[in-house]
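Since the structure comes first, as structure tokens, the remarks are kept for the end.
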Amino acid sequence: MDDDLVFKALADTTRRRLLDALFVRGGRTLGELEQVVAEHTQMTRFGVSKHLKLLEEAGLVVARKQGREKLHYLNSVPIRLIHDRWIDKFTHHHVTALTDLKRALEEEP
């Protein structure tokens, strides 16, 4: 997994909206995702397709052909890996400090 591609994919508002829509319901067509984007901005079908391609390259979206349709699904594994590597290790210390403080305050007379 290329962290840079995942961060680049997550950096764009339109791509985050697409991921949010796929989180709610996977198996969406390009047309359905185009409607999601159209609620917030005017973008051509080609523009939405380019965003989906970048999300696929980052491994955040998986597309499958079903008959004549191409259905898109969220793959949350790269996001989880980013969380585990970059976020979790920084929050662990703070959470531990807060639980220690809570215990200390509860032990006081």
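Nothing fancy with the numbering, it's 1 onward along the sequence. All values reported here derive from a predicted model rather than from experimental measurement.
Distance OG1/Thr41 to CD/Glu39: 12.0 Å, rounded to 0.5 Å. Rounding to the nearest 0.5 Å places NZ of Lys50 at 12.5 Å from OG1 of Thr14. Between Leu30 atom CG and Leu71 atom CG the span is 11.0 Å, to the nearest 0.5 Å. Leu60 contributes atom CG, which lies 11.0 Å from atom CG of Leu18 (distance to the nearest 0.5 angstrom). Of the inter-residue distances, the one linking Leu55 atom CG with Leu22 atom CG reads 8.0 Å to the nearest 0.5 angstrom. Rounding to the nearest 0.5 Å places CD of Glu56 at 12.5 Å from CG of Leu5.
Using a cutoff of 4.0 Å between basic side-chain nitrogens and carboxylate oxygens, Glu32 and Arg25 are scored as salt-bridged.
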| query | Can Asp3 and Leu81 be said to form a side chain to side chain contact (heavy atoms under 4.5 Å, CB included), step by step? | reply | CA-CA 9 Å; Asp3 286 356; Leu81 293 173; 6.0 Å; no
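Using a 4.5 Å heavy-atom threshold, the side chains of Val24 and Asp20 count as separate. Contact of the His51 side chain with the Leu33 side chain is not registered, since no non-hydrogen atoms from C-beta on lie closer than 4.5 Å.
Cluster annotation: Leu74 is connected to Leu10 through the hydrophobic network of ILVMFWY side chains, with a link wherever side-chain heavy atoms come within less than 4.5 Å. Phe23 and Ile82 fall within a single hydrophobic cluster, where Ile, Leu, Val, Met, Phe, Trp and Tyr are joined by side-chain heavy atoms under 4.5 Å apart, directly or via other members.
For the pair Ala58 and Pro78, the tightest heavy-atom approach, listed with the atom from each and the gap, is O-CG, 4.1 Å. The heavy-atom pair separating Val48 from Met43 by the smallest distance is N-SD, 3.6 Å. Val36 and His40 make their closest contact through O-CD2, 3.6 Å (heavy atoms, listed as atom of the first residue, atom of the second, distance).
Under the side-chain hydrogen bond (donor to acceptor under 3.5 Å, both in side chains) criterion, the residue pairs touching residues 72-81 are Arg80-Asp84, with sequence neighbours excluded.
Side-chain N/O atoms of Thr13 and Arg16 include a donor and acceptor closer than 3.5 Å.
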